[in-house]
Amino acid sequence: MCQQQLVQLQENLHLFEDLDAEIYAISTDSPENSKRLKEAGAFTFTFLSDSTFEVLEHVKMKNDQMSYRGISILDKNGNYVYHQVNDLWGDQIEATSNIIYDEFEGINE
C-alpha cells in the first residue's frame, strides 16, 4: 500500500470494528523502513515486513518480485481462506470493507 492508502485505512478502521480480526499491512520493505513509516504516520495497525515473500506467497499475494495490493484472509489458525487482488483502499475503502464482511460471513456459515 502507498502511504495515502495507509492513511485512508487508519482513518477508516471503524469500518472493521465489528470483525473478530486483526489488520496487517504487509510489504517487502525492510523492517526498519516499515517501522519508520508506521511511526511517522502514527498507524495503530501492525506492519509486517516480508522480504522473503514467505507470507505473501502463503496468502497468494506474491507477484514475481513484488506484492499485489489487495485483501487476504486467514482463519484463526493461520490457514489461507481468501484473497482478492484490488486497489480499493483509497477512496473506495467502503467497497473493500463490504468485500471483507461478505467473506467473513461466508467463513462463519
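What's counted below: heavy atoms across the whole structure, side chains too, no hydrogens, waters or symmetry copies. Quick caveat, the model's predicted, so the values are computed rather than measured.
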Does the pair T46 and E22 meet the rule for a side chain to side chain donor-acceptor pair (under 3.5 Å), with working shown? CA-CA 8 Å; T46 302; E22 305 230 4; 5.1 Å; no
Step by step, work out the side-chain contact (heavy atoms from CB on, under 4.5 Å) result for E94 and L15. CA-CA 7 Å; E94 288 186 21; L15 295 173; 3.9 Å; yes
Tell me, with the steps shown, if K35 and K38 meet side-chain contact (heavy atoms from CB on, under 4.5 Å). CA-CA 5 Å; K35 183 179 179 184; K38 180 178 175 153; 5.8 Å; no
R69/Q5 under side-chain contact (heavy atoms from CB on, under 4.5 Å): CA gap, chis, key distance, verdict: CA-CA 10 Å; R69 289 184 181 161; Q5 291 169 320; 3.5 Å; yes
Evaluation steps, side chain to side chain donor-acceptor pair (under 3.5 Å), between Y101 and E103: CA-CA 5 Å; Y101 272 90; E103 289 305 317; over 6 Å; no
For the pair H58 and E54, evaluate side-chain contact (heavy atoms from CB on, under 4.5 Å) and give the outcome as yes or no after the intermediate values. CA-CA 6 Å; H58 179 68; E54 185 177 338; over 6 Å; no
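For D20, the CG atom counts as loosely surrounded, since its 6.0 Å shell holds 12 or fewer non-hydrogen atoms of other residues, nucleotides or ligands.
Judged by distance alone, with hydrogens and angles left aside, the side-chain atoms of N12 form a donor-acceptor pair with the main-chain N or O of Q8 at under 3.5 Å. Proximity of a side-chain donor or acceptor of Y80 to a complementary backbone N or O of H83 within less than 3.5 Å is detected. Not one N or O on the side chain of S51 forms a donor-acceptor pair closer than 3.5 Å with the backbone of T28. Under a 3.5 Å cut-off, the side chain of D75 and the backbone N or O of N77 do form a donor-acceptor pair. Side chain of D50 to backbone of I26: no donor-acceptor contact under 3.5 angstrom is found. No side-chain donor-acceptor contact under 3.5 Å links N63 to the backbone of S67.
Here the straight-line distance linking atom CD of Q3 with atom CG of L37 works out to 5.0 Å at 0.5 Å rounding. The CD1 atom of I23 sits 5.5 Å away from the CZ atom of F16 when rounded to the nearest 0.5 Å. Note that CG of L13 and CG of L19 are 11.0 Å apart. Values are rounded to the nearest 0.5 Å. One distance of note links CD1 of I100 with CD1 of I73; it measures 6.0 Å at 0.5 Å rounding.
Heavy-atom minimum distance, L9 versus I93: CA-CD1, 3.6 Å. Between V59 and S72 the shortest heavy-atom distance is O-OG, 3.1 Å. Contact between G78 and L74 at its shortest, heavy atoms only, is O-CD2, 3.9 Å. Considering all non-hydrogen atoms of both residues, S49 and P31 come closest at OG-N, 3.3 Å.
Residues M61 and M66 do not share a hydrophobic cluster, defined by chaining ILVMFWY side chains whose heavy atoms lie under 4.5 Å apart.
The ring-ring contact (aromatic ring centres under 6.0 Å, His included) test applied to F43 returns F45, F47, not counting sequence neighbours.
No side-chain N or O of D87 forms a donor-acceptor pair with one of Q92 less than 3.5 Å apart.
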